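Contents: one structure, followed by commentary.
Keep in mind it's a predicted model, so treat the numbers as computed, not measured. In what follows, every heavy atom counts, from backbone to side chain, and hydrogens, waters and symmetry copies are set aside.
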Amino acid sequence: MPPPTPRKGTSPDFIEALARGLDVIRAFRPRQPAMTLTEVATASGLARPTARRILLTLEELGYVRAERAGFSLTPRVLELGVSYVRSMGLWEIARPHLEALVAQTNESCSIAQLDGCDIVYVARVAVPKIVTLSVTIGTRFPALQTSLGKVLLAALPPERVEAVLAEPSRSGIVPCWQPGAEERRAALREVRASGWAITDEQLAPGIRSVAAPLRDGHGQVIAAVNVNAHAAETSMEKLVEAYLPALLRTAGAIGADFALYEAVPQASA
């Protein structure tokens with residue numbers, strides 16, 4: 001992967017040092033927890049002295065630790081993403097509903113939101129199973145090939161969908177299903193008509209899932225929730241006939257609770 005181009009803002013208020021610091025954090029990749037200074041500099045597109053200063057600053061702040069093998073992120077980095085989820089109140093509201101759905105289906109359940117042409121997982125209750133692709137909070141997949149993504153794309157105006165899907169994916173995943181424009185539009189029309197979406201090994205072999213929208217008190221789709229299953233264990237019929245009704249009830253319950261949460265005046269410091 002070529003190093004990213006150093007960020008240059010278009011606004012006079014753009015803080016390049018902050019952008020570079022975030023680039024350094026994003027330079028750490030899965031299955032590569034420790035990186036040398038040279039590797040971090042190359043991955044972030046920064047000069048070694050600049051990368052070193054940023055790493056030492058992040059170390060002092062507690063986001064990075066220095067090791068014999070180089071540098072690694074600390075769990076404190078999770079605070080950056082968790083702050084986003086907590087600011088919405090969505091996780092606290094959804095958690096008991098997701099846990100109940102997992103207990104009922106014995107399958108992993110997740111919530112994701114759209115970011116460009118990708119989905120990003122923001123909440124998850126997992127059941128330990130061997131799957132093709134591992135999923136954690138912050139995992140990113142191409143939206144069109146996931147049930148979560150189909151639901152979120154279908155909620156957009158049709159003219160907006162094409163612009164979103166024209167953006168490059170940042171997931172690093174090459175999905176199995178590569179539909180043409182008409183097949184893509186037909187699939188999303190079906191989702192709009194039914195109100196839910198399903199995928200059968202379109203992202204990767206062995207992965208099946210069904211998803212439904214999560215709506216706020218104004219009826220706007222704010223996220224999507226799914227039940228994920230392994231194709232060798234769960235048939236499409238079971239996914240639709242047994243899991244979908246429970247999923248739709250769960251999505252409705254989360255949406256109703258979130259609407260109540262939004263309606264309550266929030267105390268300010």
Exercise for review: Consider only side-chain N and O atoms of T199 and S209, and report whether a donor and an acceptor are under 3.5 Å apart.
Suggested key: yes

Practice item. For V40 and V24, work out which heavy atoms get closest and say how close. Key: CG1-CG1, 3.9 Å

Review point. Hey, any chance L188 and V151 share a hydrophobic cluster, counting ILVMFWY side chains that come within less than 4.5 Å of each other, even indirectly?
Key: no

Exercise for review: Taking the side chain as every heavy atom from C-beta outward, state whether V240 and V210 have any pair of such atoms under 4.5 Å apart.
Suggested key: no

Point to revise | Salt-bridge contact E182-R189 (side-chain N to carboxylate O under 4.0 Å) | key: yes

Check your understanding: Below 4.5 Å, heavy atoms only, C-beta onward: do E183 and W177 meet side chain to side chain?
Key -> yes

**Study point:** pair V120-Q113: side-chain heavy atoms closer than 4.5 Å
**Key:** no

**Study point:** I207 backbone acceptor or donor facing E201 side chain under 3.5 Å
**Key:** no

Review point. Does CD belonging to E60 count more than 12 external heavy atoms closer than 6.0 Å?
Key: no

Review point. CG of L214 to CD1 of I111: how many Å apart, nearest 0.5 Å?
Key: 5.0 Å

Exercise for review: Using a cut-off of 6.0 Å, state whether more than 12 heavy atoms not belonging to R52 lie near its atom CZ.
Suggested key: no

Review point. Could you give the distance from CZ (R249) to CD1 (I254), rounded to the nearest 0.5 Å?
Key: 13.0 Å

Revision key, fill the gap. When every non-hydrogen atom of L114 is compared with those of A143, the smallest separation belongs to CD1-CB, 3.7 Å

Check your understanding: Is there a path from F71 to L61 through hydrophobic residues (I, L, V, M, F, W, Y) whose side chains come within less than 4.5 Å of each other?
Key -> yes

**Study point:** CA sep, side-chain torsions, deciding dist, call: H97, V225, side chain to side chain contact (heavy atoms under 4.5 Å, CB included)
**Key:** CA-CA 11 Å; H97 296 290; V225 58; over 6 Å; no

Point to revise | Nearest heavy-atom neighbours spanning A204 and C176 | key: CA-SG, 3.7 Å

Point to revise | Interatomic spacing from CZ in R48 to CG in L37 - rounded to 0.5 Å | key: 4.5 Å

Check your understanding: Do you know which two heavy atoms are closest between L98 and C109, and how far apart they sit?
Key -> CD2-CB, 4.0 Å

Practice item. Output the distance between atom NZ (K238) and atom CE (M236), rounded to the nearest 0.5 Å. Key: 14.5 Å

Point to revise | Exam field: side chain N228 to backbone S108, donor-acceptor pair closer than 3.5 Å | key: no

Exercise for review: Could you please spell out the steps behind the salt bridge (charged side-chain N to carboxylate O under 4.0 Å, His left out) verdict for D23 and R26?
Suggested key: CA-CA 5 Å; D23 284 339; R26 284 193 293 264; 2.7 Å; yes

Review point. Mind checking whether D115 and R170 have side chains closer than 4.5 Å, heavy atoms only?
Key: yes

**Study point:** Contact check, side chains of S147 and Q202, non-hydrogen atoms, under 4.5 Å
**Key:** no

Exercise for review: Using side chain to side chain contact (heavy atoms under 4.5 Å, CB included) as the criterion, list what pairs up with S110, not counting sequence neighbours.
Suggested key: Y121, R124, N226

Practice item. Of all the heavy-atom pairs spanning V191 and A197, show the shortest one and how long it is. Key: CG2-CB, 3.7 Å

**Study point:** Check: A154 main-chain N/O paired with R192 side-chain donor or acceptor under 3.5 Å
**Key:** yes

Practice item. For atom CD1 of I15, decide whether the heavy atoms of other residues, nucleotides or ligands shown that lie under 6.0 angstrom number more than 12. Key: no

Practice item. With sequence neighbours left out, write down each residue that passes side-chain hydrogen bond (donor to acceptor under 3.5 Å, both in side chains) with E67, or none if nothing qualifies. Key: S72

Exercise for review: Report the C-alpha separation of K150 and E190 in whole Å, then their side-chain angles, then the decisive distance to 0.1 Å, and conclude whether the salt bridge (charged side-chain N to carboxylate O under 4.0 Å, His left out) test is met.
Suggested key: CA-CA 10 Å; K150 287 179 181 178; E190 184 176 345; over 6 Å; no

Check your understanding: Any donor-acceptor pair under 3.5 Å linking the side chain of T42 with the backbone of E39?
Key -> no

Practice item. First locate atom CZ of R184, then atom CG of L144, and finally report the distance between them rounded to the nearest 0.5 Å. Key: 6.5 Å

Practice item. Compare every heavy atom of R65 with every heavy atom of L73, then report the nearest pair and how far apart it is. Key: O-NH1, 3.8 Å

**Study point:** Side chain to side chain, L239 and D200, heavy atoms closer than 4.5 Å
**Key:** no

Point to revise | Passing option when C117 is tested against P142, S169, S171 for side chain to side chain contact (heavy atoms under 4.5 Å, CB included) | key: S169

Check your understanding: Under a 4.5 Å cut-off applied to non-hydrogen side-chain atoms, are R76 and Y63 in contact?
Key -> yes

Check your understanding: Are any of the side-chain heavy atoms of Q145 and I173 separated by less than 4.5 Å?
Key -> no

Review point. Short question: side chain of T234, backbone of A231 - any donor-acceptor pair under 3.5 Å?
Key: no

**Study point:** H218 (side chain) donor-acceptor with Q220 (main chain) under 3.5 angstrom
**Key:** no

Review point. In Å and rounded to the nearest 0.5 Å, what is the OH to CD distance from Y243 to Q104?
Key: 9.5 Å

Check your understanding: Hey, is the main chain of V127 close enough, under 3.5 Å, to the side chain of E107 for a donor-acceptor pair?
Key -> no

